[in-house]
Amino acid sequence: MSKPIQTSIVDGVFLIVANNPPVNALGIDVRAGLDAAIQQAADDANVKAVVIRCDGRTFFAGADITEFGKPPLAPGLGDVVTRIEASEKPVVAAIHGTALGGGCEVTLGCHYRVAVPSAKIGTPEVKLGLLPGAGGTQRIPRIAGVKLALEMTAIGDPISAKKALDAGLIDMIVGEDSLEADAIAFAREVADKRPLPRASEKNATADPQAVEEFKKANARKFRGFDAPAANIRCVEASTSGSFADGIAVERAEFRKLMAGTQSAAQRYMFFAERQAAKVDDIPADTERRPIKKVGVIGAGTMGGGISMNFLTAGIPVTIVETAQEALDRGVGVIRKNYENSAKRGRFTAEKVEQMMGLLTPTLSLDDLKDCDLIIEAIYENMDVKKELFGKLDAIAKPGAILASNTSYLNVNEMADATSRPGDVIGMHFFSPANVMKLLEVVRGAKTSLDVLATVMALAKPIGKVAVVSGVCNGFIGNRMLAQRGAPATQMLMQGARPEQIDKVLTDFGMPMGVYQMSDLAGVDIGWHRDPSRIETIRDALAAKGRWGQKTRKGWYDYDENRNPTPSAEVAEIIEDFRSKSNQARRDFTDDEILGTLLYPMVNEGAKILEEGIAQRASDIDTVWIYGYGWPVYRGGPMFWANTIGLDKVVAGLEQNGVPVASKLRELAEAGGQF
Ligand code: HSC
């Protein structure tokens, strides 16, 4: 393998070029090479200035995350950055792609920075439960001020080259195709300028009001996470003492985060998400089918949201409904969603028109004949779906992929209603489908490999994280979700209150609890619709018109702004059921509620692995993070179970009389982990 750092001298400028595919992560060989190269430039009397550039698709995208959690190898990145900054000869960073994390910190150690217009610069460490630990929290505020430093470090989204230029984080935008030449010319220009601008020698001005406002504005977003507050503390430290003092704070905070469970969970999820895209038995050379036009059947909430994913990605969509009114309504909602996004500054009005221009509404299934992918998003009824797939079989062109957005039905049955079951697959989007990142890709027994490969690859351009699931009732996510319903009811029957159960889940970090979710979805979903037939608490609620948020009362009472309050009527209904069933009332601790609800889900996850429905435990975790809002700092149910201890999970299940999955028991007995 060639060395990751190559050097040469061009017109008196020492050119350092890194090449460490795929993203030029700053692993030990890169750091050592950089360090040696800077020394070499210092020692060479013919060198007047230095340029650091990267080959491949991007400037350094950060420290090598795979090294984290292992014994540190010298030189550390902080030391390399210090050495760059200490150089007596000007060092220029030549940035393209994404200068992220440690990559951004390398640029901040440089005396000057030039970038191509498409470059992005940022410190996303907070998304890994960390902070920029190589001086970033101290240098950014010294160059760009506290306000931007807070945003860049505690929120972690990269900024454009233009914004970086305005903030002083880069000195010049250069030609998109002439980065190296322009950077060398720039270096020659500044070669004799002294003193050298060093970020560590600047002062950052304290701005307590900006800090308070920032904390307040993001309180909801930061809830439960450790890293944002640590980033904020570091930025504050940059304004109150020397650079060295600030670095000491940064180092201590970094070490604390690195040793914690949250960062371990978030780093695990970084790789889990990327791993999920890989299907073990798809050969790398599998040819994908081109997807240039998509058909969507159903213009309701799901169909509309699904269509938006493709329109936003620039892929034309033909959307089909059975009645003009429903079609118009669906198209109207799509337009309104885009216009609202435009109001928030996400799109220009022009872009909205462009995307709407890609949409063809129709009442005729025949108009789908030239689509490469057709996704049905009609209501969940197997007979109706089978009939539809039969029709599509007659209409769709050869090679078109036929997909169902079912959230639990058997995709194999739909496939068998066609003469081309190899072309049939499940694409389970989550509501709202234009927002939620998860795409559960349901692989039927006969789905061909190239169809699966095509759909998995399609996820990225439409901004989704794809996870493959085998066929079973509810697939990975909903099958596990279903496990918490019965234990929750059982707790109600022993005196727990709906709001108490929900609070345990939201305190854990879930976006909502069992009963809040039921109220949002509709208490009446799946109800038999006979008010005189009352067999469950849910039947009693539905019979009284307590159908959830839509009727302003469900498990909770709602005011006009849909704010919930616990309901006395519901408490009475539950108490009535409890006393009739002769169950004794008892108290529940939060821990008990949590284990009672979540251990059965972990147990089901183990069965899903046993049956080969999910390829790997990390795929299950990816489903839960991106489809159900499981808090990423807890790493998904399977990772979370590992942190709790599988023996404790088994004991909790046994105590509640839940049969333990053999895979879970075996792992627990062997002291293993998922
Ligand atoms: C950091 O920099 C900490 C510093 O502050 C230093 C602290 C020093 C502290 C000392 C104190 C005592 N490492 O995403 P893709 C892999 S933290 C290793 O599909 P894209 C990725 O797994 C880091 N591997 O590509 C995948 O591998 P696979 C801060 C990394 O084009 C492949 O590269 N930086 C890696 O869609 C392609 O990745 C970040 O958080 C890394 N840093 O997106 C940036 N980055 O093919 C993280 C990627 O085997 N990276 N890989 O699956 C990204 O956001 C995206 O990868 C890019 C590219 C936007 C760079």
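Every heavy atom of this structure was used, including side-chain atoms; hydrogens, water molecules and symmetry mates were not. Every number for a ligand or one of its atoms is a count from 1 in the order of the listing.
Residue I65 places at least one N or O, backbone or side chain, under 3.5 Å from an N or O of ligand 1. Of the N or O atoms in G101, none lie within a sub-3.5 Å distance of an N or O in ligand 1. Between A63 and ligand 1, a contact under 3.5 Å exists for at least one N or O pair. The shortest N/O to N/O separation between F271 and ligand 1 does not fall below 3.5 Å. Looking at ligand 1, you won't find any N or O of R255 less than 3.5 Å from one of its N or O atoms. Any N or O atom pair closer than 3.5 Å counts here, and F68 shares no such pair with ligand 1.
Closest approach of A94 to A183, counting heavy atoms only: CB-CB, 3.7 Å.
Of all atoms in ligand 1, numbered sequentially from 1 with element shown, those under 4.0 Å from a heavy atom of L100 are 44 (C), 54 (O). Every atom of ligand 1 with a heavy atom of D64 under 4.0 Å away is listed here by number and element: 13 (N), 18 (C). Atoms of ligand 1 lying under 4.0 Å from at least one heavy atom of L128, given by number and element, are 17 (S), 23 (C), 40 (O). For ligand 1, the atoms sitting less than 4.0 Å from at least one non-hydrogen atom of F270 are 22 (O), 45 (N), 47 (C), 48 (C), 50 (N), numbered in the order shown with element in parentheses. Below 4.0 Å from some heavy atom of P22 lie the following atoms of ligand 1, by number and element: 32 (C), 33 (O). Here is the list of ligand 1 atoms found below 4.0 Å of a heavy atom in P124: 34 (N), 39 (C), 40 (O). Residue-ligand proximity, E105 to ligand 1, at heavy-atom distances under 4.0 Å covers atoms 4 (C), 5 (O), 6 (C). Every atom of ligand 1 with a heavy atom of K460 under 4.0 Å away is listed here by number and element: 19 (O), 20 (P), 36 (O).
By the 4.0 Å N-to-carboxylate-O rule, R233 lies too far from E236 to be salt-bridged with it. Between D157 and K120, no side-chain nitrogen of the basic residue sits less than 4.0 Å from a carboxylate oxygen of the acidic one, so the salt-bridge criterion is not met. With respect to D64 and K70, no salt bridge is recorded, no charged nitrogen being found less than 4.0 Å from a carboxylate O. Between R616 and D280, at least one side-chain nitrogen of the basic residue sits less than 4.0 Å from a carboxylate oxygen of the acidic one, meeting the salt-bridge criterion. We find that R83 and D79 are not joined by a salt bridge, their nearest charged nitrogen and carboxylate oxygen being 4.0 Å or further apart. Ion pairing between R198 and E85 fails under the 4.0 Å rule for side-chain N and carboxylate O. Using a cutoff of 4.0 Å between basic side-chain nitrogens and carboxylate oxygens, E67 and R31 are scored as salt-bridged. Between R289 and D372 there is no salt bridge, since none of the side-chain N atoms of the basic residue sits less than 4.0 Å from a carboxylate O of the acidic one. Comment: D55 engages R53 in a salt bridge, judged by a side-chain N to carboxylate O separation of less than 4.0 angstrom. For E105 and R139, the salt-bridge test fails: no basic side-chain N is under 4.0 Å from an acidic carboxylate O.
Nearest protein heavy-atom contact of atom 11 (C) of ligand 1 is F254 CD2, 3.6 Å. In this structure, the protein non-hydrogen atom closest to atom 56 (O) of ligand 1 is R274 NH2, 4.1 Å. Looking only at heavy atoms of the protein, atom 44 (C) of ligand 1 is closest to A61 O, 3.3 Å. Atom 17 (S) of ligand 1 has as its closest protein heavy atom E125 CG, 3.6 Å. The protein heavy atom nearest to atom 35 (C) of ligand 1 is V23 CG2, 3.8 Å.
For the pair L77 and F60, the minimum side-chain heavy-atom distance is 4.5 Å or more.
With a 4.0 Å heavy-atom cut-off, ligand 1 is reached by the side chain of K278 but not by its N, CA, C or O.
Shown here, atom 27 (O) of ligand 1 is out of close reach of the protein: none of its heavy atoms lies under 4.0 Å off. For atom 39 (C) of ligand 1, the nearest protein heavy atom is under 4.0 Å away.
For the pair R142 (side chain) and K202 (backbone), a donor-acceptor distance under 3.5 Å is present. Checked by atom type and distance alone, the side chain of T58 never pairs as donor or acceptor with a backbone atom of A61 at under 3.5 Å.
Within the structure, ligand 1 has R57 among the residues with a heavy atom less than 4.0 angstrom away. Residue contact check for ligand 1: P132 places a non-hydrogen atom closer than 4.0 Å to it. Ligand 1 lies out of reach of E250, whose nearest heavy atom is not under 4.0 Å from it. Using 4.0 Å as the threshold, T98 has a heavy atom nearer than that to some atom of ligand 1.
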- ring pair (Phe, Tyr, Trp, His ring centres under 6.0 Å) assessment of W640 paired with F508: CA-CA 11 Å; W640 173 74; F508 179 75; 5.5 Å; yes
